[in-house]
Number of protein chains: 2
Amino acid sequence: MTNVDLQKTNAVEPEARAGDARAEAFQGVRAARRNELAEDYVELIAELIHNQGEARPVDIATKMGVTAPTVAKTLDRLARDGLITRAKYRSVFLTEEGRALAKECRHRHEIVLRFLIRLGLDPETAEHDAEGIEHHVSERTLALFAAFANRS
Amino acid sequence: MTNVDLQKTNAVEPEARAGDARAEAFQGVRAARRNELAEDYVELIAELIHNQGEARPVDIATKMGVTAPTVAKTLDRLARDGLITRAKYRSVFLTEEGRALAKECRHRHEIVLRFLIRLGLDPETAEHDAEGIEHHVSERTLALFAAFANRS
DNA sequence: GCCAAAAGTTAGACAAGGCTAACAATCTGC
DNA sequence: GCAGATTGTTAGCCTTGTCTAACTTTTGGC
């Protein structure tokens, strides 16, 4: 039941010891951080499939800037969590759930990126910052970003 | 030198195998992630010292929403990295370097927060999102945020 | 169709950041 | 000033995310 809640970035954290809003905020941020890497991978895999026709571990390693064994281990986790399927020595496929997550990530990424550029940031820095920011933007903030990016 | 370059587990971060801007971006984001927790702690410690007169582990644990042993281990790392000093069973102090980092974090936090509120976000969500976003904002973006927040 | 290069996997190490359980020190209220 | 509560520490375990070294499988050039 792990990754369904990836989607609701601003979901109420059930854990948080009652009372301290700050603790809840930090716990929420930590929860988001735990999912960032999975989101990055899924987004990249979707992109590779779209651009190259398939997602091969070697390309994932290159794009992510990590080594092949790191990719292998991470892919195992993603498979375990139901986001991808894979067979030995074969390229990687997204599950239905993985595709949904990828789509949502791409959507968020696009909005954050367009927002930053609209703000006046150069495209390169915008791309870099969007990569970091996109995982920490609530639905509400995303809506404001979209409105700003689309304003005439 | 706000930078701290914490945990040089790999001594020299090999700054991205040449060529792939994407890989560099991801490596940058991962590098930022490594410092987030330290920054959160240092910022919180500064705040506790300011508000309560001292930073006690029990309060850090409460505010961060983690257990006491987790705090202890993290504080040991912060001490090892020169951001704080501590004595057994005593409260925590920031080093010069820790104070500098805290100041910079607070500055960034303030700007991001004011920016989000200026954008139209409710203060509570703004506080929550700022917590996540502040670690991923480049100098350039921060400047644009500040300008937007201050515009008349 | 063979064989070397490229790609992928496995094994094993290590640090960070979490946890619980158990113990030690400090503080407080009589 | 002492007992019990609170606070802090230590030990040990787990997962994630990273690496290197060594091995296996697939692929492509000739």
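Reckoned from all heavy atoms, side chains included, excluding hydrogens, waters and symmetry mates. Lettering of chains follows the sequences in order, A, B, ..., and the numbering in each one begins at 1.
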Between [X] and [N], is there a contact of a side-chain N or O with OP1 or OP2 at under 4.0 Å?
| X | N | value |
| --- | --- | --- |
| B:Arg77 | C:dG17 | yes |
| A:Thr70 | D:dG17 | no |
| A:Thr67 | D:dC19 | yes |
| A:Thr74 | D:dG17 | no |

* Asked: Under a 4.0 Å N-O cut-off, is there an ion pair linking A:Glu96 with A:Arg99?
  -> yes

* Just jot down the salt bridge (Lys or Arg N to Asp or Glu O under 4.0 Å) partners of B:Asp59, sequence neighbours excluded, or say none. => none

* To do: Apply salt bridge (Lys or Arg N to Asp or Glu O under 4.0 Å) to A:Glu43 and list each qualifying residue two or more places apart in sequence or on a separate chain.
  => none

* Asked: Who else is in the cluster with A:Val29 when I, L, V, M, F, W and Y are joined by side-chain contacts under 4.5 Å?
  -> none

* Asked: For A:Ile117, which fellow cluster members are found when Ile, Leu, Val, Met, Phe, Trp and Tyr are connected by side-chain heavy-atom distances below 4.5 angstrom, either directly or through intermediates?
  -> A:Leu113

Protein-nucleotide distance ([X], atom [atom1]; [N], atom [atom2]), rounded to Å:
| X | N | atom1 | atom2 | result |
| --- | --- | --- | --- | --- |
| B:Glu36 | D:dT16 | CD | P | 18 Å |
| B:Arg33 | C:dG18 | CZ | P | 15 Å |
| B:Leu78 | C:dA15 | CG | P | 17 Å |
| B:Arg30 | C:dG17 | CZ | P | 15 Å |
| A:Met64 | D:dT16 | CE | C1' | 13 Å |
| B:Arg34 | D:dT16 | CZ | C1' | 14 Å |
| A:Gln27 | C:dC19 | CD | P | 8 Å |
| A:Ile60 | D:dG17 | CD1 | P | 15 Å |

Taking only N/O atoms, report every protein-nucleotides 4-9 of chain D pair under 3.5 Å with atom names and distance.
from	atom 1	to	atom 2	distance (Å)
D:dG8	OP2	B:Val58	N	2.7
D:dT9	OP1	B:Arg86	NH2	3.3
D:dT9	OP1	B:Tyr89	N	3.4
D:dT9	OP2	B:Arg86	NH2	2.9

* To do: Using a heavy-atom cut-off of under 4.0 Å over every strand shown, decide if A:Arg80 touches base, sugar-phosphate, or nothing.
  => sugar-phosphate

Throw together a table of side-chain donor-acceptor distances under 3.5 angstrom for residues 44-53 of chain B, partners on residues two or more places apart or in other chains.
from	atom 1	to	atom 2	distance (Å)
B:Glu47	OE1	A:Arg22	NH2	2.4
B:Glu47	OE2	A:Arg22	NH2	2.5

* Asked: Cation-pi between B:Arg118 and B:Phe115: NZ/CZ under 6.0 Å from ring centre and within 45° of the ring axis?
  -> no

